[in-house]
> 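Sharing a structure with you now.
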Amino acid sequence: MTIQFNEESFRDDYSFYNSERAIKRFPFPFHEDSYMYSVNMEQHRGGPKDSVYEKRFDVDEHYISEMRDRAIVLAEDPLRCQSLPHMTLAGWDLLELIMVSKSEDYPDLFELHRDGNTWRWINKPLGIDDTFTFLDDATLPYGPMEYITRQAQGDFAVLDQRDDNLWMDAGMVTTQADWSLDFDIGMNFFEWHAPVPLAHEKGIFVRALKFLLNIQQGAPARRLNWTMTVNPLLDTSPENYHKWGIQKTTLTPENIGAKQHLRVELQTFFRLPRSNALVFPIRCYLCSFQDLMTVPKWGRRLHRVVRDLPVELATYKGFINNRPMMLDYLKNFDDGLPTSPGIWPDLETEPPLQK
Amino acid sequence: MSGAEKIAVTVTDIVPVNELVTRFEFKRSDGGLLPTFSGGAHTVVEMRDGDITRLNPYSLMSDPMDQTAYTISVRRDDQGRGGSLFMHTKIAIGDEMVISYPVNLFSLDLRAKKHLFLAGGIGITPFLAQIKQLERFNGHWELHYACRTQSLGSYVDELTSQHPNETHIYYDDQKQVIDLVRLLDGQPLGTHVYVCGPKGMIEWVRQTAAAEGWPREAIHYEEFLAPQPGKPFEVKLAVSNKVISVGEHESLLEAIERAGVDAPYLCRGGACGQCETNVIDYSGTFIHRDHWLDDAEHASGQKIMPCVSRFEGKTLVLDR
Ligand code: HEM
Ligand code: FES
């Protein structure tokens with residue numbers, strides 16, 4: 001299907017919106033009525049038609065606007081994109097992975113023509129038609145990682161693998177949930193995860209790292225993570241906390257349905273062939289509470305999850321102060337009926353709200 | 001399914017390199033391109049020998065950027081369990097085989113200012129791919145390669161003619177030995193050392209480097225252990241509720257697979273950690289041969305790596 005791209009913003013007037021199609025395919029992250037950290041990883045090999053799992057790199061109606069927002073962030077703060085010198089080969093790996101995947105998965109939007117090392121890349125939505133020499137940095141306007149991630153939704157952490165650990169040695173990070181590439185650059189898996197509560201004690205990171213170190217070429221994996229964001233902001237970085245942190249206090253019972261967004265990250269993991277590095281795309285999806293409530297199952301479940309979430313997690317995710325107001329709103333959409341297992345909306349089978 | 005993704009290939013070339021070593025070339029049977037890989041990667045080759053299936057890892061030695069074909073070199077091991085003999089005697093050009101996607105447990109540290117390669121015998125193969133990779137990016141490397149005799153020196157001629165300044169050859173029968181202490185001493189800051197060869201050589205390099213004060217992270221090694229034959233033994237698989245017997249010439253992992261139980265693996269050579277299995281109960285002695293578990297884990301009696309390790313005794317119950 002051809003995608004109708006939205007004209008929208010993620011700052012100032014916040015004209016971001018989700019179409020009905022986007023709401024139905026929103027990656028609702030709760031497969032049951034409660035939530036706790038776990039090693040929730042599965043293979044990334046497609047999924048239901050038109051779901052965000054279907055393609056290797058999901059392209060949706062927000063594509064053009066998200067890329068515009070990334071360009072604004074980079075213009076103000078070039079350190080959002082960094083690559084240590086030994087990561088250039090991994091950057092080419094990533095460029096190849098994205099170009100090959102997108103041109104195969106969305107042939108009407110992207111084309112890749114390869115003649116030996118002379119490559120022609122056509123990105124129709126962004127109006128790009130570039131010819132360059134593969135593995136020759138001088139033939140691109142930016143480094144290979146920056147070039148391709150200016151054309152790909154979501155953040156990208158590129159991890160070097162050595163000494164049985166992963167090292168955050170490159171990345172493009174402009175749509176992050178309150179962490180900083182400039183702070184984390186050069187850190188290993190345990191160091192950059194240090195601020196996360198409860199998960200270390202449960203041994204989650206030891207097991208997760210073991211899994212990641214063994215991810216092989218041709219067998220990518222994925223998981224979902226989530227948090228809460230007031231206003232549809234992509235750039236909730238520590239660098240700009242002074243701009244968005246205060247917006248959390250603007251929530252009122254009247255505007256919460258429109259302003260409060262569930263923020264979901266579709267995180268995928270790919271082994272990169274030439275460098276043996278690992279790439280970790282973190283794709284951010286936003287959905288307002290009022291849009292989520294159009295799916296009865298999600299209304300029931302979100303109330304229960306937010307209500308029962310351990311204090312440590314609600315604090316770490318930054319919504320502990322607003323939790324009572326969220327619950328006042330969400331409880332109107334929970335009639336106490338049971339919910340079906342799994343994340344899908346199940347609109348045909350789940351009963352409408354009984355109040 | 002356990003292990004890496006599979007690729008159906010056809011044997012397109014077989015070249016005897018010397019008395020012991022033969023080179024095999026594979027192309028995709030469907031005519032498509034093979035995945036690129038990073039120097040140091042191996043592939044696991046499936047060998048169907050009657051009703052026995054063996055899966056042996058071999059380092060990829062071809063140019064990592066060449067997606068048309070992969071090559072491996074197989075050294076004949078007359079004492080082994082037959083994998084290499086099978087390749088040498090039963091495989092012909094045109095045969096269809098199944099190999100795995102490349103897996104790299106011996107990758108270059110791309111931060112290194114210089115890569116110092118130490119090879120022993122057939123351990124030369126991963127370096128052949130790494131050298132091709134480094135040459136493409138003007139990387140700085142040097143090779144010290146020990147062979148038993150001139151006639152058994154696989155790829156010595158092409159290395160010395162193409163890279164005369166970087167290549168240094170040592171023949172055991174001429175009593176030529178790598179002067180390791182001096183070699184390590186003369187390296188520029190930021191050098192990484194890679195060793196691939198027999199167990200004794202790896203130990204010697206690791207210990208010498210440690211004694212010379214080299215950081216552990218700067219020493220990389222790869223040794224694929226071939227599973228060794230041993231006395232047959234019985235195992236109870238608790239999860240699948242089966243009792244199996246492990247024959248003299250098969251590994252514990254192979255016996256588990258033969259019983260129809262899907263067990264995880266990657267390297268099948270005691271290096272990657274994927275096959276790690278919990279021991280529920282035992283009475284007897286473990287013959288641990290892997291590089292994965294540490295000494296305390298070996299002594300604990302709680303874990304075994306079934307791809308290479310065995311057991312002698314009355315009872316062994318595994319969590320599988
Ligand atoms: C290599 C890939 C990964 C990268 C680059 C990465 C990066 C990060 C970063 C930067 C944070 C924010 C930490 C902070 O507060 O500063 C984070 C949080 C977290 N990560 Fe990862 N991570 C990776 C893989 C994983 C995996 C496989 C798991 C599996 C369990 C995991 C679990 C978590 C959890 C539970 C949090 C807290 C999130 C929240 O509550 O919002 N991470 N990760
Ligand atoms: S399969 Fe790699 S250690 Fe056993």
Side-chain angles (χ1 to χ4, degrees), chain A residues 43-45 83-97 100-101 104 114 116-117 133-137 144 158-167 169-170 185-186 188 206-207 209-221 270-279, chain B residues 1-7 33-44 60 63-67 100-113 115 129-130 132-134 136-139 190 192 215-220 264-267 271-276 291-292 294:
Chain A
Q43 293 197 324
H44 183 41
R45 283 204 195 172
S83 176
L84 298 182
H86 63 280
M87 298 303 281
T88 306
L89 185 58
W92 284 108
D93 270 331
L94 180 61
L95 175 142
E96 177 180 37
L97 175 68
V100 170
S101 304
E104 287 174 3
R114 288 184 278 190
N117 278 340
T133 308
F134 187 64
L135 296 177
D136 181 352
D137 301 7
V158 187
L159 301 318
D160 194 19
Q161 178 159 335
R162 49 177 203 267
D163 315 332
D164 292 328
N165 213 325
L166 294 169
W167 304 81
D169 287 349
I185 191 98
N188 71 33
V206 173
R207 275 181 290 141
L209 177 61
K210 228 175 185 175
F211 183 95
L212 295 180
L213 293 175
N214 276 312
I215 284 182
Q216 298 305 330
Q217 254 175 272
F270 296 82
R271 175 70 55 201
L272 296 176
R274 294 179 169 80
S275 57
N276 203 39
L278 192 77
V279 65
Chain B
M1 266 302 291
S2 299
E5 292 291 290
K6 310 279 190 245
I7 311 171
L33 293 178
L34 291 158
T36 44
F37 61 95
S38 47
H42 69 263
T43 180
V44 172
L60 293 166
D63 183 345
M65 305 281 167
D66 179 3
Q67 294 183 257
S100 78
Y101 257 64
V103 170
N104 201 339
L105 303 173
F106 190 50
S107 58
L108 294 170
D109 190 323
L110 295 176
R111 296 170 310 163
K113 300 275 181 296
H115 305 270
Q130 291 180 329
K132 289 179 190 111
Q133 177 174 342
L134 287 173
R136 182 165 310 235
F137 299 104
N138 300 315
H192 278 247
R216 189 186 47 81
E217 310 84 62
I219 312 297
H220 310 263
Y265 72 85
L266 216 45
C267 71
C272 73
Q274 269 294 291
C275 68
E276 184 177 306
H291 296 303
W292 177 254
D294 59 28

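Each chain gets a letter, A, B and so on, in the order the sequences are listed, and its residues count up from 1.
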> Do B:R136 and A:R274 have side chains that approach each other closer than 4.5 Å (heavy atoms only, starting at C-beta)?
no

> Taking all heavy atoms of A:N276 and all of B:S38, pick out the closest pair and write down the distance.
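Closest heavy-atom pair between A:N276 and B:S38: CB-OG, 3.5 Å.
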
> Check whether B:P64 gets within reach of chain A through its side chain, its backbone, both or neither, counting any heavy atom under 4.5 Å.
neither

> Quick one: what part of B:F37 sits under 4.5 Å from any heavy atom of chain A, side chain, backbone, both or neither?
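Both the backbone and the side chain of B:F37 come within 4.5 Å of chain A.
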
> For B:E5 and A:G218, work out which heavy atoms get closest and say how close.
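Result for this residue pair: CG-O, 3.5 Å.
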
> Between atom OG1 of B:T36 and atom CG of A:D93, what is the distance when rounded to the nearest 0.5 Å?
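Between atom OG1 of B:T36 and atom CG of A:D93 there are 6.5 Å.
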
> Mark yes when over 12 heavy atoms from residues, nucleotides or ligands other than A:N117 sit less than 6.0 Å from its CG; otherwise mark no.
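It does: A:N117 CG has more than 12 such atoms within range.
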
> Backbone N or O of B:A4 within a donor-acceptor pair of the A:Q217 side chain at under 3.5 Å?
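Checking the backbone N and O of B:A4 against the side chain of A:Q217, no donor-acceptor pair under 3.5 Å is found.
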
> Taking every non-hydrogen pair under 4.5 Å, which of B:Q274, B:R111, B:E217 racks up the most with chain A?
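Option with the top pair count is B:R111.
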
> Name the region of A:L89, side chain, backbone, both or neither, that has any atom closer than 4.5 Å to a heavy atom of chain B.
side chain

> Nearest 0.5 Å, what's the CD-CG distance between A:Q161 and B:L105?
9.0 Å

> A:Q216 and B:N104: which non-hydrogen atoms are nearest, and at how many Å?
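Between these two residues, the closest heavy atoms are OE1-N, 4.4 Å.
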
> Rounded to the nearest 0.5 Å, what's the gap from CG on B:L110 to CE on A:M87? Could you check?
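So the CG of B:L110 and the CE of A:M87 are separated by 8.5 Å.
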
